[in-house]
> 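Below you'll find the structure I mean.
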Amino acid sequence: MIAGVKGLLTTLRWLGKRPVTAHYPEQHLPVQERYMGFPALLTDDTADEPFCTGCMVCVRECPTQCMTAVMHDNPNVAEGTSHRRKIIETFEINLNRCILCGICVDVCALDAIEMSYEHELASFGRAGARADLDILLTLGRRYMEQSAWTPKNPEKNVAGVALAKKAAADAAKAAAAAEGASKPDAGGTTEAEGEP
Amino acid sequence: MTTEQQHDTIDMMLNMGPQHPATHGVFRMVLTLDGERVLDVTPHIGYLHRGSEKLCESESYGQVVTLFDRMDYIANLNNELAFCRAAERLMSIEVPERAMYIRVILAELNRVASHALFIGTYAIDLGAMTPVMYGFRERERIQNLFEAVTGARMMHNFIRIGGVKEDVPDDFGPRVRQLIGQVREGIEEMDRLLTFNEVYLARTRGVGVIDAATAISVGLTGPSLRGSGVAYDVRKDDPYEIYPYLSYKVPIGENGDCWDRYYVRLQECYESLSMISQCLDQMEAGPTMVQMRRIARPPKGEVYVHSENPRGDIGVYLVSDGTDKPYRLKIRPPSFCNLVGLAPMTRGSYIADAVAILGSLDIVLGEVDR
Amino acid sequence: MDVVWASLWLFTLLNVVAVAALSLVWLERKLLGRMQGRVGPTRVGPFGLLQPIADGIKLLMKEDIAPGSSSRVLFFVAPLLVFVPSYMVWITIPFGRDLFVRNLDLGLFFFVALSVLGIVGLVLAGWSSNSKYAILGGFRSAAQLVSYEIPIIMTILVVAMLAGSLSFRDVVLAQDVVPYAAVQPLAFGVFLLAGLAEVGRTPFDIYHAESEVVGGPFVEYSGAHWAIFFLAEYINTFMVGALGALLFLGGWRWPVGDVPAAAGVALFLFKTYAIVAVIFWVRATYPRMRIDQLMSFGWKVLIPLSFAAFVATAFQMFYGWPIWTLTILSLVILVPPIYIQLRWQRKPAMALAKHYAEIAVAVHAQPRPVPVAAVTEADAAPGREDDA
């Protein structure tokens, strides 16, 4: 008797409380900062090309094998705007197969792929879930803006920084060589080779 | 004289088929009935078999964690922990202490979420349609925290071999403390609606009784076993991670009926919440991942490691041949072994009790079928 | 000409009753939603008010299938047998002082007789579906509904005795000072519980419980035929509310006396919806009883209580005691069952919970080792730097 009345009062009390429902699609609950949505490819603005070189590590490590990638020679290297000798040519993720595990992000050493915040990518056909390079770069662009993204390893991956560093290293080497030429008995200076 | 001989009747076979609102997944129970009484029950499983164990043989250790997420899809972090502990034992890795604290906090939060789901779905099996909404509200809160920490609400892929994927965010401590208070209130609300409710007591007291000896011989573990009075909890009897540094109580029942199993799980929720706050007090700064190769290559050997899942004792038997993929990975799922107890519990009860008993075992078909 | 008028009245009544039942569908979903922390229907029409119409359209558009091995004629007659009696009762129920189709002198008796007819339809539905779940549901419903007819009949008899008439109108007119709920709270309580069981509402809805017999006698029905069952259930719920309002709460009359018809109707509907809201509230809170527990409750608790109410009323009328003695007698009669539940179910359960709190095995924390600084590289597991 008593417990039943207590139960009735518990349900009655909820009539006065605000419902916990969020009225989708008018109200979207915000995702948290670390939310792992669908993967997206990021763009290196200093060279106006993707970070991705097509090294295929993520493709190999993906548990569901949802990605395919093809690389080709990077035309920007000859022009001196990029340090990437190879660049991605085609990249496709079958979003139906992606299990949002984030392994591709963990293994990528080039800061090329990130789990975006996209989770509302429903389409009307199965083919709508196949994201090609353009779509992935668009999603990645959106992610970079939404999260104010910064690369984990800019010295290695961001073309502008890497090229500047290489240029500085070359200049220092040239300067040291010039100095070495003017002081023949200075001894072979051993330079600590910078990290590749 | 049996009923058959008295009235020249036959036993009716009722199929609570794979599609049934109360069988907690794709599970088929064939009941042999004499009127309303259940004479025998034959479980048929395998509808959710996805070949997880075979898949593990062709996936590297980092990818296997994602498979474990999806086996018992309600206690994901507990499963990840079970597997990672097995691999770490094989590789003789000492996980840093902060990582252990984070793992235990997440595992206990997952336990609370799992039990909240159990209470809700058990109630709706019995006809009370409100506790499930309250339970899922508490699960939402916990899953929002998981999203903030691991990046995903359910399939986290967060607990890795050697530690955890990354450190927790800065607001973790205050956020979890606030969460503990809110979740405790939510569980108390479900408690008030159910535990001593007259109809609920009538439906669950004395139903599906299994005594301690039969329970042990049948292979029950977890809260289903503790409801029969056996105080076996892997966290207590074979402690791991930082459980030795926590004080808590292991709730046990005595009668071994459905109410006892429910009550044990309810008390475990409260105990888990207090464990989490102890962990927060004790946790200190430090590394969250051991320094090791990214590609795990355990030495040749085999190991069996068991942990306490919300459903019982999960065992992981890992055989490695020295490569980066397991040679054989066998899982002892608690729900699968608990299902053997369904028949002794259900014989002699009514059809409606069959539903109540199956619900009180708290099975997850993903784990039963793998 | 008479036939035309009668048909018009009946058609209007059908519409009124159907709209009322549909409004109940909306009210239930909204109320249940709010109690569970949700919102209920919001999309179809303002505040989801057109949701029942959307449900109806959906059901009518569904394919009407029948199992191959069912007996067709019986299969399609059963819903009618359930719906028609529940609709026919409304002929005699007055919405206001002069708002009824026919004021039968045997109104209460008419109601009882027709509500029993509905049971035949349910059993027929279960039997003709030729499905094990349907059979189980059908038998359960037969047992349950027949058993709970007795308390309903006894409480109606109590009201008839107090009012001195079997006609609905006279019963309402006799409640001009005090409603019968205050005079005989025991009869009111028994009527509500037995009414819940008659309609098949939680906690007595096991015969069509989704989680067990997946719909019971209705399991093989779909589309329009299922809609008829659905409608009949809500009409019955509305009827239990209307009866409670008329027989126990004073209908359109108490406490305001003779008022214009519209106000009276509004008052009557308010009381009806209040009782219906309580029915939905109970649905949100309680689990459902097992069939044998339900039968025990009916035969061992409700029937004796209803008989006790009847006897108490008889004593009061025979000895000419003042009316408030009946209230006291009712409350006194309610004490033993409540005491029995508290002493024999709640107390042991709470003692058991307390006992479990004591026997819970306590695990004590071991002292932690002195917390060392970060694990240094020397202590790390075998392995080199992270290979890229």
Side-chain angles (χ1 to χ4, degrees), chain A residues 1-22 24 28-40 57-67 97-109 113-119 143 147 152, chain B residues 55-56 58-67 69-70 80 123 128-131 133-134 136-138 140-141 143-158 160 165-171 175 186 188-201 294-295 324:
Chain A
M1 214 77 268
I2 297 181
V5 170
K6 270 199 197 163
L8 285 171
L9 289 175
T10 309
T11 37
L12 189 67
R13 209 173 319 132
W14 263 95
L15 284 180
K17 296 192 204 177
R18 260 191 69 224
V20 298
T21 318
Y24 190 87
H28 288 246
L29 287 175
V31 294
Q32 318 258 357
E33 199 191 311
R34 290 191 189 182
Y35 180 71
M36 294 197 292
F38 285 108
V57 173
C58 60
V59 175
R60 280 197 297 269
E61 294 292 323
C62 175
T64 49
Q65 292 159 13
C66 68
M67 301 194 265
R97 287 199 189 171
C98 172
I99 58 172
L100 309 180
C101 63
I103 288 182
C104 51
V105 176
D106 294 335
V107 302
C108 179
I113 191 168
E114 279 286 346
M115 304 303 278
S116 66
Y117 293 146
E118 304 295 326
H119 55 283
Y143 172 71
S147 65
K152 285 196 274 279
Chain B
L55 273 174
C56 290
S58 54
E59 292 199 347
S60 67
Y61 284 85
Q63 297 168 327
V64 167
V65 175
T66 62
L67 276 172
D69 260 335
R70 286 152 176 82
E80 290 180 16
M129 49 173 51
T130 322
M133 301 294 169
Y134 299 162
F136 270 80
R137 192 191 63 221
E138 301 317 313
E140 276 295 309
R141 286 198 231 272
Q143 282 177 332
N144 279 343
L145 178 82
F146 284 159
E147 188 186 331
V149 171
T150 72
R153 286 156 51 93
M154 265 187 101
M155 307 304 175
H156 314 279
N157 192 14
F158 187 73
R160 308 289 176 92
K165 173 175 155 189
E166 51 183 339
D167 205 346
V168 292
D170 296 324
D171 61 345
R175 193 167 169 167
E188 276 168 2
E189 213 169 27
M190 288 198 286
D191 190 352
R192 232 175 312 146
L193 268 178
L194 284 179
T195 311
F196 297 117
N197 186 302
E198 303 81 37
V199 181
Y200 187 77
L201 284 173
R294 182 169 52 79
I295 302 175
D324 63 336

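A quick note: this is a predicted structure, and the numbers were derived from the prediction, not measured. Below, read A as the first sequence line, B as the second, and so on, with proteins coming before strands; counting in each chain starts at 1.
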> Among A:Gly7, A:Cys101, A:Gly37, who wins on heavy-atom pairs under 4.5 Å with chain B?
A:Cys101

> What option among B:Val65, B:Asp69, B:Val64, B:Val149 has the most heavy-atom pairs under 4.5 Å with chain A?
B:Val149

> So which residue, A:Ile99, A:Ile2, A:Leu9, A:Ile103, ends up with the most heavy-atom pairs under 4.5 Å with chain B?
A:Ile99

> Please state whether the side chain, the backbone, both or neither of A:Val31 comes within less than 4.5 Å of a heavy atom of chain B.
both

> May I ask you to decide whether B:Glu140 forms a salt bridge with B:Arg137, counting only side-chain N to carboxylate O separations under 4.0 Å?
no

> Ring-plane angle category for A:Trp14 and B:Tyr134, please: parallel below 30°, perpendicular beyond 60°, tilted otherwise.
parallel

> Please enumerate all residues that pass side chain to side chain contact (heavy atoms under 4.5 Å, CB included) together with A:Met67, with sequence neighbours excluded.
A:Cys58, A:Val59, A:Cys62, A:Phe91, A:Ile93, A:Cys104, A:Ile113

> Applying the side-chain contact (heavy atoms from CB on, under 4.5 Å) criterion to B:Met154, which one of B:Glu147, B:Gln143, B:Arg70 satisfies it?
B:Gln143

> Among B:Thr66, B:Thr150, B:Asn197, B:Leu67, which residue has the highest count of heavy-atom pairs closer than 4.5 Å to chain A?
B:Thr66

> Please name all residues satisfying side chain to side chain contact (heavy atoms under 4.5 Å, CB included) with B:Asp171, sequence neighbours left out, ordered by chain then number.
B:Pro169, B:Arg175

